[in-house]
Amino acid sequence: MGKSCINVGILGWGTVGTGVSKILVNQHALIAKNSGTELRLKKIVKRTLPATREGVELPVDCLTTNPVEVIDDPDIDIVVELIGGVTEAHSLIRRALQNGKHVVTANKALLAEHGGELFQLASEHQVSLNFEASAAGGIPIIKTLQESFAGNQIHSLYGIVNGTCNYILTEMHECSVDFSDVLKVAQDLGYAEADPTLDVEGIDAAQKLILLIALAYRSSISLSQLYVEGITNITQKEIQYARELGYVIKLLAIAKLTDGNRVEARVHPTLVPERSLLANVGGAFNAVCVIGDAVGPTLFYGQGAGEMPTASAVVADIIDAAKSAQQGVSTPISQAWLAGAQAEVDICSIDDIETRYYIRFVVADRPGVLAKIGTILGNWHISIASVIQKDPHGMETVSLVMLTHTAREKNMKAALTEIYTLEEVKEEAQLIRIEEGVDF
Ligand code: HSE
């Protein structure tokens with residue numbers, strides 16, 4: 001028989017922490033019914049006091065500024081880390097695990113960097129370390145990969161996992177505005193951070209992809225093994241020409257099993273067919289498409305950030321952790337990552353991927369230029385599928401917009417290097433990979 005009451009301590013009372021406290025307090029009876037567990041919110045650590053929050057009435061003496069009152073309190077069974085960042089969160093979680101506490105975190109940056117070590121520590125202390133909210137917020141993709149698809153070989157996974165980028169790209173498509181203008185609006189509205197680098201350069205999406213790959217392929221990989229390209233170079237021209245060609249540009253996090261034990265792992269702007277479900281995931285929403293050998297294509301859609309959607313995932317983890325605490329066992333969530341110590345797959349270099357491309361060259365409008373470019377591409381085994389010329393009348397340069405058939409990335413790079421030596425080619429081409437695999 002387990003404990004009749006499980007005590008929870010939260011580190012961090014920002015947006016998500018507030019949402020979690022609201023659910024734990026306001027849905028106390030519902031959670032007890034659904035989980036068979038009495039969950040008591042005992043302490044919340046907030047850097048500065050006093051603090052009150054609309055919509056939640058905390059137990060007396062719940063707030064403290066001292067994290068030790070949570071991580072060293074023998075009565076607290078579950079520690080919920082919501083302070084973000086790497087250094088402090090890392091040491092607090094380590095200490096909580098060493099103290100035998102089950103830990104729930106939404107911290108993808110921390111897990112992407114120190115996941116292997118923390119899951120090892122959780123295993124040694126026979127506690128669980130749950131992280132559903134760390135990728136795609138309210139979408140239960142971690143549990144799905146870990147549990148629901150456990151009998152599948154995952155062929156591929158495509159994620160729109162950064163709401164900021166998806167919001168910006170959606171506005172660029174729908175309102176014909178430039179990247180920098182939308183970014184400014186997004187910052188004014190509070191969708192984008194004051195320093196948007198992690199989001200718009202694709203790092204946030206890459207950290208989430210690391211977590212998804214750990215589960216899908218039982219392999220622990222580092223950020224340096226991923227190809228990561230953000231959305232800052234996407235212009236209104238690319239948006240318009242992609243649309244004319246029947247595509248929408250999305251920032252995709254992609255993992256794809258190629259030949260048995262090699263996985264492509266990349267984050268970059270991608271042309272997806274406009275009729276595909278992913279193309280129609282708009283605004284700040286997230287979606288993850290997983291294709292398994294048994295289940296076939298599946299798609300998960302929802303809010304990837306925000307107070308209550310993220311809190312929904314955190315509370316689900318707390319309930320799982322409470323079951324672990326009652327039964328005295330750790331949940332299987334950590335096992336996939338631990339298995340990553342003996343990585344089961346190799347990560348493919350970006351040079352070795354094969355894909356179709358959108359390319360826009362800016363060239364002098366003279367006879368023979370297209371032929372010269374076509375010859376170089378042909379020499380590198382790159383076949384042109386279609387080409388259109390976009391010519392502002394009276395200008396000296398024009399855009400040549402091409403779609404290619406499937407080609408190898410290293411051939412494309414070599415061809416471009418040669419093409420840039422042509423005197424008629426005026427600037428670096430815009431190169432965007434195309435993904436047809438999402439079209440189901
Ligand atoms: N900054 C992220 C996004 C949310 O824009 O999706 C937190 O992961």
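Start at 1 and go down the list; that is how both ligands and their atoms are numbered.
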Do side-chain atoms of R243 reach the backbone of H173 as a donor and acceptor pair under 3.5 angstrom?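 Yes, the answer is positive, given that a donor and an acceptor are paired below the 3.5 Å cut-off.
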Quick test of your reading of the model: are D72 and R95 salt-bridged, counting only N-O distances below 4.0 Å?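 Yes, D72 and R95 are salt-bridged.
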For ligand 1, find each of its N or O atoms that sits under 3.5 Å from a protein N or O atom, and tabulate the pairs with distances to one decimal place.
unit_1   : atom_1 : unit_2 : atom_2 : d
ligand 1 : 1 (N)  : D199   : OD1    : 2.9
ligand 1 : 1 (N)  : D199   : OD2    : 3.4
ligand 1 : 5 (O)  : G163   : N      : 3.4
ligand 1 : 5 (O)  : T164   : N      : 3.0
ligand 1 : 5 (O)  : T164   : OG1    : 2.6
ligand 1 : 6 (O)  : G163   : N      : 2.7
ligand 1 : 8 (O)  : K108   : NZ     : 2.6
ligand 1 : 8 (O)  : D204   : OD1    : 3.4
ligand 1 : 8 (O)  : K208   : NZ     : 2.8

Listed partners of Q225 passing side-chain hydrogen bond (donor to acceptor under 3.5 Å, both in side chains), at least two apart: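 Q225 satisfies side-chain hydrogen bond (donor to acceptor under 3.5 Å, both in side chains) with no other residue.
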Would you indicate whether E117, at its atom CD, is surrounded by more than 12 heavy atoms from other residues, nucleotides or ligands within a distance under 6.0 Å?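 Counting other residues, nucleotides and ligands, CD of E117 exceeds 12 neighbours.
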Pairs of donor and acceptor atoms involving the side chains of residues 151-159, under 3.5 Å and at least two apart or interchain, shall be tabulated with distances.
unit_1 : atom_1 : unit_2 : atom_2 : d
N152   : OD1    : A294   : N      : 2.9
N152   : OD1    : V295   : N      : 2.8
Y158   : OH     : E435   : OE2    : 3.4

Considering only distance and modelled atom types, tabulate donor-acceptor pairs under 3.5 Å from the side chains of residues 353-362, sequence neighbours left out.
unit_1 : atom_1 : unit_2 : atom_2 : d
E354   : OE2    : R408   : NE     : 3.2
E354   : OE2    : R408   : NH2    : 2.9
T355   : OG1    : I434   : O      : 2.9
R356   : NE     : T404   : O      : 2.8
R356   : NH1    : Y247   : OH     : 3.3
R356   : NH1    : E436   : OE2    : 2.6
R356   : NH2    : T404   : O      : 3.4
Y357   : OH     : E409   : OE1    : 2.6
Y358   : OH     : E238   : OE2    : 2.9
R360   : NE     : E238   : OE2    : 2.5
R360   : NH1    : S399   : OG     : 3.0
R360   : NH2    : E238   : OE1    : 3.1
R360   : NH2    : E238   : OE2    : 3.4

